[in-house]
Amino acid sequence: MRVPNHIAIILDGNGRWAKAKGMPRGYGHIKGCANLETICDDIKDLGVKYLTVYAFSTENWKRSREEVEGLMKLFRSYLKKCMKSAEKNHMRVKVIGDPSAFSPDIQEKIRQLEEFSKDYDELYFQIALNYGSRDEIVRGVRKLAQDVADGKLVPDAIDESCFENYLDTAGVPDPDLMIRTSGELRLSNFLMWQLAYTEFYFTDVPWPDFHKEELIKAIEKYNERDRRYGGVKEE
C-alpha cells in the first residue's frame, strides 16, 4: 500500500457524537482529544511522515462561552500530555495559526512543547489552533509586504515558492491526502493554499470513532486515485 507522505485531518463531529450519546459536547471533545493521541501512534506506525490536524479555527470563537472555555481547559491538558507523545514517537510538534489570541499560559505551553520537540524528526505534527487559511494568507502577505518595504525583497522575486515561505507551513510539503470526518463536505477555511492538488476523503464517521481501521480505509481510497497534478499520463 502506497502511504501518503503527509496527511491532513479536519477533526469534525466531536460535539454531535456526544449529543447522540446524550452527553454534553465537552465530553465529545475529550474523547476526540484522546483519539488524536492514538491516531498519532497509528500514523507513525504506518510510515506517514507529516500529520496536520485542524483542532480550533478562527471561527470557533463564535461557539458558546461554556464550550470555548472547556476547549481552552482541554488544550492546556493536551499540550502538556503531548510532550510525552512527542518523546515516545520522536515527534516534532508545531502549532500553526495565530496563538496571540490565547491566554499567556497557553501560549507558554505551546512555546515549551515546540522547544521540547524541535530536534525530533520521525514524525512532523502540526496542530492548527486559532487557524484560518484566509488569516494565514493575510498574515503572510503582510510579512512579505514589510520585507518589500524594507528592501529585503524585490517584487519581481515573488513567486509561489517565495510566498510559501511566508505561510505558517513554510518548509513542510503539501498534504497528499486530506480527511474530513463526520459527513461535512467542505474545507472550512483549512489549508486552502496547501490543498491545491491534495486528494480529499470524506467519511460520515465522527472523529471520536475514527480509529486505525478507518484511517486505513482512507489510505486505500487514496491508493485508487490517479494523481496527475494537471498533466496527462501517457497511455
More than 12 heavy atoms from other groups under 6.0 Å of NZ on K73: no

F75-F56 aromatic ring centre distance below 6.0 Å: yes

Passing candidate, side-chain contact (heavy atoms from CB on, under 4.5 Å) with N89, options D41, D45, I43: D41

K221 atom NZ: more than 12 heavy-atom contacts under 6.0 Å: no

Shared hydrophobic cluster, F210 / I7 (ILVMFWY, side-chain heavy atoms < 4.5 Å): yes

Check: Y131 ring centre within less than 6.0 Å of W61 ring centre: no

CD/E122: more than 12 non-hydrogen atoms of other groups inside 6.0 Å: yes

Gap separating the CZ atom of R2 from the CZ atom of R225, nearest 0.5 angstrom: 10.5 Å

Heavy-atom neighbours of E66 CD exceed 12 at 6.0 Å: no

Note: K217-E220 ion pair, threshold 4.0 Å (strictly below): no

Reported SG-to-CD distance for the pair C82 and E114, which is rounded to 0.5 angstrom: 10.5 Å

Connected via hydrophobic side-chain network under 4.5 Å: L11 and V95: yes

Salt bridge R65-E69, side-chain N to carboxylate O under 4.0 Å: yes

Verdict with supporting geometry, N35 and H211, side chain to side chain contact (heavy atoms under 4.5 Å, CB included): CA-CA 7 Å; N35 189 45; H211 304 311; 3.3 Å; yes

Charged N-O contact under 4.0 Å between K84 and E87: no

D135 bridged to R139 by N-O distance under 4.0 Å: yes

Pair D105 + R76: basic N to acidic O under 4.0 Å: yes

side-chain contact (heavy atoms from CB on, under 4.5 Å), paired with M178, selected from L187, I9, T52: L187

More than 12 heavy atoms of other groups within 6.0 Å of K81 NZ: no

